[in-house]
Amino acid sequence: MIKDLFWHTSIGAWLPPKVIYRGKDLFEECRAWPWMKLLLYGVTGREFSPQQIRLFEAIWVVCCSYPDPRIWPNRVAALAGTVRSTGSLAMSASIAVSEARVYGKGPDRQAHKFITSALDANKSGKPIIDIIREHIEIHRGIAGYGRPLVHGDERIEPLMALARDLEISKTPHADLAFEVEKVLLANRYRMNMNIAMLAAALAADQGLSEDEYYHYLILSFSVGALPCYIDAKNHPIGTFFPYETGDIQYTGPGQRTWD
């Protein structure tokens, strides 16, 4: 505990000529660390193996790095670029909207919560089908299963291939995630697993709690969003989504009344 500050903390401090990062000398003990290792150490206070670090990096690369401005966080970044806002503001806004309940961090947290509680229940003897039915009855679905527009998820196999290459062998949460998918498809639910569930399960298998998993993911969409900002900024100003709401002449059914 660092006590010679106005704020007593065990996280760290700048104490010239040193910087203490969770009890380690940043310049001596951490200077050769990969950035992802330092991030996870900052989030958890624990050190992870090189294989685990590669897996956590791959979750970001495979799951969150689509440079497509149609994706909501990326769209916000592109809109910032088209009005010539700064890159920092573009990334801040993009990360903020990734907090949504229906995509991004919302389903990520829900998926982690489900798979960890489901594993505990299954170990206690509850059949998977009962776990599924009870959860759907309460929540009307399971985060990490089902996907709009397409069936299946193209990211699952690349991520699992890397996990196998890294010999990440102890994966009870991930194994259960695939078993849940089999039961869903064999019954009336017909929902394939999506990457939110697999990523959450693999992270849980490496010991991340729900909060730790969320904190680790906060910056993950930035790798896909930043190129969208740069691309829009390199186009003429105001040409990304140049229409205003009033430009749309709607001729369909009457307006919906929102609750």
Side-chain angles (χ1 to χ4, degrees), residues 52 55-56 58-66 68 70-73 97-214 216-217 220-221 224:
Q52 290 174 308
L55 179 66
F56 284 121
I59 290 173
W60 275 29
V61 171
V62 172
C63 305
C64 310
S65 301
Y66 285 27
D68 186 331
R70 294 173 297 177
I71 297 171
W72 277 108
V97 299
S98 72
E99 294 271 68
R101 295 182 63 184
V102 295
Y103 65 85
K105 308 305 185 303
D108 290 332
R109 296 195 72 147
Q110 295 163 29
H112 190 288
K113 187 188 299 290
F114 169 79
I115 202 63
T116 52
S117 63
L119 183 62
D120 290 341
N122 190 238
K123 284 181 176 179
S124 298
K126 181 173 287 190
I128 294 175
I129 186 62
D130 291 345
I131 296 170
I132 290 171
R133 285 171 177 161
E134 290 178 11
H135 190 87
I136 290 178
E137 183 177 350
I138 296 171
H139 300 282
R140 301 174 63 185
I142 303 176
Y145 294 94
R147 193 182 184 197
L149 304 179
V150 296
H151 294 291
D153 197 314
E154 67 279 2
R155 296 166 288 186
I156 288 174
E157 180 50 37
L159 185 57
M160 282 305 301
L162 181 70
R164 290 191 292 266
D165 290 344
L166 294 172
E167 299 182 347
I168 302 291
S169 56
K170 295 181 179 180
T171 56
H173 291 93
D175 292 343
L176 180 60
F178 283 104
E179 289 299 317
V180 169
E181 180 184 47
K182 290 178 182 178
V183 174
L184 286 168
L185 294 175
N187 289 273
R188 62 185 178 85
Y189 304 106
R190 304 295 181 187
M191 291 187 291
N192 292 93
M193 180 166 60
N194 66 52
I195 198 64
M197 177 52 68
L198 179 58
L202 287 171
D205 284 326
Q206 308 316 307
L208 291 196
S209 69
E210 181 188 337
D211 276 349
E212 290 170 343
Y213 182 54
Y214 163 73
Y216 146 75
L217 283 176
S220 58
F221 282 102

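Within 6.0 Å of atom CD in Glu154, more than 12 heavy atoms from other residues, nucleotides or ligands are found, so the atom counts as buried in its surroundings.
Under the rule for a side chain to side chain contact (heavy atoms under 4.5 Å, CB included), the partners of Asn192 that lie at least two apart in sequence or sit in another chain are His151, Glu181, Leu185. Listed by chain and number, the residues in a side chain to side chain contact (heavy atoms under 4.5 Å, CB included) with Ser209 are Asp211, Glu212 (sequence neighbours excluded). Contacts of Tyr189 classified as side chain to side chain contact (heavy atoms under 4.5 Å, CB included), with partners at least two apart in sequence or in another chain: Ile129, Ile132, Arg133, Ile136, Leu184, Asn187, Met191. Take Glu134 and apply the side chain to side chain contact (heavy atoms under 4.5 Å, CB included) test, not counting sequence neighbours, and it matches Lys126.
In plain terms, the two heavy atoms of Pro158 and Val62 that are nearest each other are CB-CG1, 4.4 Å. The shortest heavy-atom contact between Tyr103 and Trp72 is OH-CB, 3.3 Å. The heavy-atom pair separating Tyr145 from Asn194 by the smallest distance is N-ND2, 3.5 Å. In terms of heavy atoms, Asp108 sits closest to Tyr213 at O-CE2, 3.7 Å.
Salt-bridge check for Arg164 with Glu157: passed, with a basic side-chain N closer than 4.0 Å to an acidic carboxylate O. Between Glu99 and Lys105 there is no salt bridge, since none of the side-chain N atoms of the basic residue sits less than 4.0 Å from a carboxylate O of the acidic one.
Remark: Asp175 CG to Asn122 CG distance equals 11.0 Å, nearest 0.5 Å. Here the straight-line distance linking atom CG of Leu119 with atom OG of Ser124 works out to 9.5 Å at 0.5 Å rounding. A distance of 9.0 Å separates OG in Ser98 from CG in Leu217, rounded to the nearest 0.5 Å. Between atom CD of residue Glu210 and atom CD1 of residue Ile115 there is a gap of 13.5 Å, rounded to the nearest 0.5 Å.
His112 places no side-chain N or O within donor-acceptor distance of the main-chain N or O of Tyr214, the cut-off being under 3.5 Å. Judged by distance alone, the side chain of Arg155 and the main-chain N or O of Cys63 form a donor-acceptor pair under 3.5 Å.
Evaluation of the ring-ring contact (aromatic ring centres under 6.0 Å, His included) test over residues 119-138, restricted to residues two or more places apart or in two chains, returns Phe114-His135, His135-His139.
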Donor-acceptor pairs under 3.5 angstrom involving side-chain atoms of residues 195-207: please list them, not counting sequence neighbours.
{"unit_1": "Asp205", "atom_1": "OD1", "unit_2": "His173", "atom_2": "N", "d": "2.8"}
{"unit_1": "Asp205", "atom_1": "OD1", "unit_2": "His173", "atom_2": "ND1", "d": "2.8"}
{"unit_1": "Asp205", "atom_1": "OD2", "unit_2": "His173", "atom_2": "N", "d": "3.4"}
{"unit_1": "Asp205", "atom_1": "OD2", "unit_2": "Ala174", "atom_2": "N", "d": "3.0"}
{"unit_1": "Gln206", "atom_1": "OE1", "unit_2": "Gln52", "atom_2": "NE2", "d": "2.9"}

message: Go through it in stages, so that I can follow the logic: the residues are Phe178 and Ile156, the test is side-chain contact (heavy atoms from CB on, under 4.5 Å), and I'd like the CA-CA distance, side-chain angles, deciding distance and then a yes or no.
response: CA-CA 11 Å; Phe178 283 104; Ile156 288 174; 4.1 Å; yes

